[in-house]
Amino acid sequence: DYFRNKGYRFLDMQDALTPYPADYVRHSLFTEFGRHYNAVGNTVMAKYIISRLKGWDLMDPAKLGQAAQAERERISH
């Protein structure tokens, strides 16, 4: 809630896991030690990041740069 209350856009990567059952997440998306995503987990995370960036219309590098500049100005005041 802190970032939301401050007006920041952010990605909560836990949201990427919501569609998957807990057992699937634990056994299919993480390495055997459970501390890092495996290849499938990285793919799930990458697809989630892309979907969020598309939702914010930030896939275009120029638009991303404009949004970053606007955010720098917003937080500097």
Side-chain angles (χ1 to χ4, degrees):
D1 285 337
Y2 174 82
F3 292 114
R4 191 172 287 112
N5 290 339
K6 294 285 186 179
Y8 292 110
R9 287 189 250 199
F10 65 94
L11 297 174
D12 183 343
M13 300 314 288
Q14 191 67 32
D15 292 342
L17 303 176
T18 301
Y20 302 96
D23 283 347
Y24 178 82
V25 168
R26 187 169 48 253
H27 298 293
S28 300
L29 303 180
F30 288 89
T31 62
E32 65 181 280
F33 302 108
R35 295 183 182 159
H36 299 282
Y37 294 112
N38 60 24
V40 174
N42 283 328
T43 299
V44 167
M45 293 300 136
K47 287 180 178 182
Y48 178 74
I49 291 168
I50 289 169
S51 73
R52 297 297 298 162
L53 290 174
K54 284 180 179 178
W56 291 328
D57 195 26
L58 294 176
M59 290 297 290
D60 180 314
K63 288 182 180 181
L64 181 57
Q66 292 168 352
Q69 181 60 36
E71 184 62 15
R72 283 191 290 273
E73 292 172 10
R74 184 185 76 82
I75 62 175
S76 69
H77 293 98

*Taking all atoms of both residues into account, what is the closest heavy-atom pair of L58 and A67, and its distance?*
CD2-CB, 3.6 Å

_ILVMFWY network linking I75 to F10, side-chain heavy atoms under 4.5 angstrom_ = yes

*Please round to the nearest 0.5 Å and tell me the distance separating atom OH of Y37 and atom OG of S28.*
13.5 Å

*For residues A16 and P19, report the shortest heavy-atom separation together with the two atoms involved.*
O-CD, 3.5 Å

*Any side-chain heavy atom of Y8 sitting closer than 4.5 Å to one from R74?*
yes

_Hydrophobic clusters here meaning ILVMFWY residues chained together by side-chain heavy-atom distances under 4.5 Å, can you tell me if M13 and Y20 are in one?_
yes

*asked:* So, applying side chain to side chain contact (heavy atoms under 4.5 Å, CB included) with Q69, which one of E71, E73, Q66 is it?
replied: E73

*asked:* Are the side chains of I50 and M59 in contact, using a 4.5 Å heavy-atom criterion?
replied: yes

*When clusters are formed by joining ILVMFWY residues with side-chain heavy atoms under 4.5 Å apart, either directly or through shared neighbours, do M45 and L11 land in the same one?*
yes

*Which distance, rounded to the nearest 0.5 Å, do you find between the CG of L53 and the CG of D60?*
12.0 Å

